[in-house]
There are 2 protein chains.
Amino acid sequence: MSSGSVPAVAAADAAAGHPSSVAADSRSGWLDTIFTGDCVAALERLPKASVDAIFADPPYNLQLEGALMRPDQSKVDAVDDDWDKFASFEAYDAFTRAWLLACRRVLKPNGTIWVIGSYHNIFRVGTILQDLGYWTLNDIVWRKSNPMPNFRGKRFTNAHETMIWASRSREVRNYTFNYEAMKAFNDDLQMRSDWLLPICTGGERLKNGEGDKLHPTQKPEALLYRVLLSSTNPGDVVLDPFTGTGTTAAVARRLGRHFVGVERDPAYAEAARARVAAVEPAPSEGLVLQRPKRAEPRIPFGALLEAGLLAPGTVLTDARGRHRAIVRADATLESDGVVASIHRMGAIAQGLDACNGWTFWHAHVDGELQAIDVLRTIVRREIAAAS
Amino acid sequence: MSSGSVPAVAAADAAAGHPSSVAADSRSGWLDTIFTGDCVAALERLPKASVDAIFADPPYNLQLEGALMRPDQSKVDAVDDDWDKFASFEAYDAFTRAWLLACRRVLKPNGTIWVIGSYHNIFRVGTILQDLGYWTLNDIVWRKSNPMPNFRGKRFTNAHETMIWASRSREVRNYTFNYEAMKAFNDDLQMRSDWLLPICTGGERLKNGEGDKLHPTQKPEALLYRVLLSSTNPGDVVLDPFTGTGTTAAVARRLGRHFVGVERDPAYAEAARARVAAVEPAPSEGLVLQRPKRAEPRIPFGALLEAGLLAPGTVLTDARGRHRAIVRADATLESDGVVASIHRMGAIAQGLDACNGWTFWHAHVDGELQAIDVLRTIVRREIAAAS
DNA sequence: AAACGCTCTGAATCTCGCG
DNA sequence: ACGCGAGATTCAGAGCGTT
């Protein structure tokens, strides 16, 4: 992992076709780089299955007509850029299919993709994602704490945008989701599919020479922080095919992730490179997340007997003493003549199909009734200390 | 308007083809009726352009596989009904296109449609709505205050569903949106596109003989209350092509709207009819909404000076006295050398993009600090009295 | 009687590694 | 690829019985 080093943010004109700019067998030519050019052409030059995650903020195809005035007659600075103009839904669909296909090629088998949009485009994006074989994991609603009001009073205040989070295909189960970290992030409650965050304003919003916003749709770093924290690991490669002002790349670098960006507009691309170069990555020790229990070394129940923490003949009960079983020397339990593992015996006792014996069965430890999971923790600590 | 009368909730088998059950030139045969049958067949028997609004809760095509257990090993009662099974996305799309087309025929030119769904189906619904010519007005997020958790810790808690609100076509401008009523409903703030509401539980949830839920996906009445209050008027006709247990019809009747329902399952249809028959409509005088402000004459700020209600040189402040500005004779405000309208000055003072100066700026009226909107009301009354 | 604890349930695309 | 078994995993609110 090279998160501490300065990224190579030099320009590389992928669309113009310089073969040397993208090495087919190495990441050295394109990692931590923001390319100037069309994203489909640029992605075709990246190796297959080379990125861990994708965050895409494509044109929304807003289809605005005429200017929108505020109640005080000031003009709303709308998204009227050429890159957001499409001749028809069909043209937008073809564009969407093309870049989502190109993304699918460079995405690792267990990688995931995020796409953000509004009601103007997100339904078409979602449909095409499904049609291409991506498998939706969640749709996440970004609730804006400070949305633009509806000036005409003809609709509800459009106060949110939608992100779709999808794996590469239905069969994938080992995609990255830092469940425990997000739960801790959210005051020990599961992170929900609705996130309340302010829009990008103030010092975070990049300005042009005249002090106006540089880019019409710059996303807040807090949004990308949650996205990358939840679905990537330090050292992962994050691709943003519509880099814009480089929010994804900046947050990726801050969080010790690698990035690859593609941006069509040279001015945006240059601003993004300068922005990313100024980012100070977090120290790697700050990026360590709560380790999920699944990742802990497996301890067989017998290890508790070997360690002398439990003796054969000990009586185990459930938390309320309604069920009891005796520990045998071979690390099985016996109850009413039945012999089984701690898990099976817990299931049998409750009449269920399955049971986690570690948390179901209790023993007296230091005079207190405690789950045998506590003893497993002791064994794990001893193993960690010895190695 | 016949909201006070008992609706005709007798069954009518539209699918079986009784011509007498639907009169082509009168509403007497089908108004306030819940039909048993397939919705496309039933809608083809309704007159063209005959309903003011549609609320549709179609199958979501969940594509579940296997059983899901809670951590305590109890089984989640999943939606595994035949009506939610589709052979492919193509089959679901064909189904969706068919009923949305049938809906479009019976919808009045200025009518609107609501469709609710989850990430499993809503993208496809939204795409097809657009392809058929409907024009999206908003997507509304129903944030559930008490969603089912994610039991395996593999995704974000799926804590919301999405509703799409669309007009019949892009050109329509005179659709019903009770902007002021929704604003009043929301403590005088514009109603946003994210609504926090609990799921349907407790006494509101219809039960079968065994005390289990009668229908797997009954929607809360509060959701339909907001939908119908915002986008329909008393006396309007509301169609629900997937009536289920009749939540739409029940709330429509309570709010003095007419309804038409179609439900395929005879048991659900019968339960819905009984439910609706028990609904007591609200008294019609309770259904009068806040008069739209746009119908009020526009009063320029200068009119307050002309009327002598404010004098040049008067100091205005915000409600808490943190910002101040001086009224000039030309009806602009001045503060720290900056001159601007009441609205712009309010925005500048707060560092925001926009501000309603009428409610932001306050003056001492009869010794009390009050919003200058109070003075506008006085001017309006005088104008009304003079004419 | 109010408080408390236990049980039940809701549109859900919900494990993983080893043999 | 498939079967097997270890063992990891939940929030809000209603309802009901006990303290």
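First the proteins, then the strands, lettered A, B, ... as listed; each starts at 1.
R205(B) has its CZ atom 7 Å from the C1' atom of dG10(C), to the nearest Å. Residue R170(A) contributes atom CZ, which lies 8 Å from atom P of dC14(C) at whole-angstrom precision. Atom P of nucleotide dA11(C) and atom CG of L68(B) are separated by 14 Å, given to the nearest angstrom. Between N174(A) atom CG and dG17(C) atom P the separation is 8 Å, expressed in whole Å. The interatomic distance linking R298(A) (CZ) with dC4(D) (P) rounds to 18 Å, in whole Å. We find that CD of Q218(B) is positioned 16 Å from P of dT9(C), with the value rounded to whole Å. Note: CZ (R320(A)) to C1' (dG5(C)) measures 9 Å, nearest angstrom. For N61(B) and dA12(C), the CG to P distance is 15 Å, given to the nearest whole Å.
The T201(B) side chain lies nearest to dA14(D) when the options are dA14(D), dA6(D), dA8(D). Nearest to the side chain of A78(B), among dA12(C), dT9(C), dA8(D), sits dA12(C).
Judged by the 6.0 Å and 45° rule, R104(A) forms a cation-pi pair with Y134(A). For the pair R124(B) and F89(B), the distance from NZ or CZ to the six-membered ring centre is under 6.0 Å and the angle to the ring normal is within 45 degrees.
Using a 4.0 Å heavy-atom distance criterion, D57(B) is classed as a base contact. Counting non-hydrogen atoms under 4.0 angstrom, E161(B) reaches a base of the nucleic acid. Residue I299(A) is in sugar-phosphate contact alone, with no base atom involved, counting any heavy-atom pair closer than 4.0 Å across all strands shown. Within 4.0 Å (heavy atoms only), N150(B) reaches at least one base atom of the nucleic acid. Using a 4.0 Å heavy-atom cutoff across all strands shown, P220(B) reaches no nucleic acid atom at all. Backbone-only engagement by D77(B) is indicated by non-hydrogen atom pairs under 4.0 Å involving sugar-phosphate atoms exclusively. Residue contacts shown for T217(B) include a base, since a base heavy atom lies under 4.0 Å away. At the heavy-atom level, S145(B) lies under 4.0 Å from the strands shown only through sugar-phosphate atoms. In this structure, W361(A) reaches neither bases nor backbone, as no heavy-atom distance under 4.0 Å exists between it and the strands shown. Using a 4.0 Å heavy-atom cutoff across all strands shown, L137(A) reaches no nucleic acid atom at all. At the heavy-atom level, E180(A) lies under 4.0 Å from the strands shown only through sugar-phosphate atoms. P292(A) comes within 4.0 angstrom of no nucleic acid atom, judged by non-hydrogen atoms across all strands.
Taking atom C1' in both dG10(C) and dC14(C), the straight-line distance is 15 Å, to the nearest Å. Nucleotides dA6(D) and dA11(C) place their C1' atoms 31 Å apart, quoted to the nearest Å.
Scanning all heavy atoms of the two residues, the minimum distance from A159(B) to D194(A) falls at CB-OD1, 4.2 Å.
Across all strands shown, the partner of dA3(C) is dT18(D), judged by Watson-Crick or G-U wobble contacts whose two distances both fall under 3.5 Å. Across the strands present, dA8(D) finds no partner; the criterion is a Watson-Crick or G-U wobble pair with both atom distances under 3.5 angstrom. Applying the Watson-Crick and G-U wobble criteria (two distances, each under 3.5 Å), dA12(C) pairs with nothing in any strand. Using N1 to N3 plus N6-O4 or O6-N4 for Watson-Crick, or N1-O2 and O6-N3 for G-U wobble, each under 3.5 Å, dC2(D) pairs with dG19(C).
Of the side-chain N and O atoms in K183(A), one or more sit less than 4.0 angstrom from OP1 or OP2 of dT10(D). Side-chain N/O atoms of K293(A) include none lying less than 4.0 angstrom from OP1 or OP2 on dG7(D). Regarding contacts with the backbone of dT15(C), every side-chain N or O of R294(A) stays at 4.0 angstrom or more from both OP1 and OP2. The phosphate of dC16(C) (OP1 or OP2) has no side-chain N or O of Y175(A) nearer than 4.0 angstrom. Taking 4.0 angstrom as the limit, R344(A) places none of its side-chain polar atoms (N or O) nearer than this to OP1 or OP2 of dC4(D). Put simply, R376(A) has a side-chain N or O that comes within less than 4.0 Å of OP1 or OP2 on dA8(D). Contact annotation: N356(A) reaches the phosphate of dA8(D) (side-chain N/O to OP1 or OP2, under 4.0 Å). Of the side-chain N and O atoms in R152(B), one or more sit less than 4.0 angstrom from OP1 or OP2 of dT15(C). The side chain of H343(A) places an N or O atom within less than 4.0 Å of a non-bridging phosphate oxygen (OP1 or OP2) of dG7(D).
Comparing I199(B) and R322(A), the nucleotide of DNA chain C nearest to each residue sits closer to the 5' end for R322(A). In this structure, K154(B) and G66(B) both approach DNA chain C, and ranking their closest nucleotides by distance from the 5' end singles out G66(B). Summary of the strand contacts: M148(B) and P300(A) both lie near DNA chain D, and taking for each the nucleotide with the nearest heavy atom, the more 5' one is attributed to P300(A). When each of S341(A) and R70(B) is assigned the nucleotide of DNA chain D bearing its nearest heavy atom, the one mapping closer to the 5' terminus is S341(A).
Between W165(B) and the choices T112(B), N138(B), T136(B), the side chain to side chain donor-acceptor pair (under 3.5 Å) rule is met once, by T112(B). A ring pair (Phe, Tyr, Trp, His ring centres under 6.0 Å) with F242(B) holds for exactly one of W114(B), W99(B), F55(B); it is W99(B).
Scanning atom types as modelled, no donor and acceptor separated by under 3.5 angstrom connect the side chain of R173(A) and the base of dG17(C).
Ion pairing of D82(B) with K85(B) is absent here, as no side-chain N (NZ or NE/NH1/NH2) approaches a carboxylate O to less than 4.0 Å.
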Does the side-chain contact (heavy atoms from CB on, under 4.5 Å) test come out yes or no for M191(A) and Y179(A), once each step is laid out?
CA-CA 8 Å; M191(A) 185 68 84; Y179(A) 171 79; over 6 Å; no
Residues V379(A), L309(A); criterion side-chain contact (heavy atoms from CB on, under 4.5 Å); working and verdict
CA-CA 9 Å; V379(A) 172; L309(A) 293 166; 3.5 Å; yes
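Between F123(A) and I164(B) there is a side-chain heavy-atom pair separated by less than 4.5 Å.
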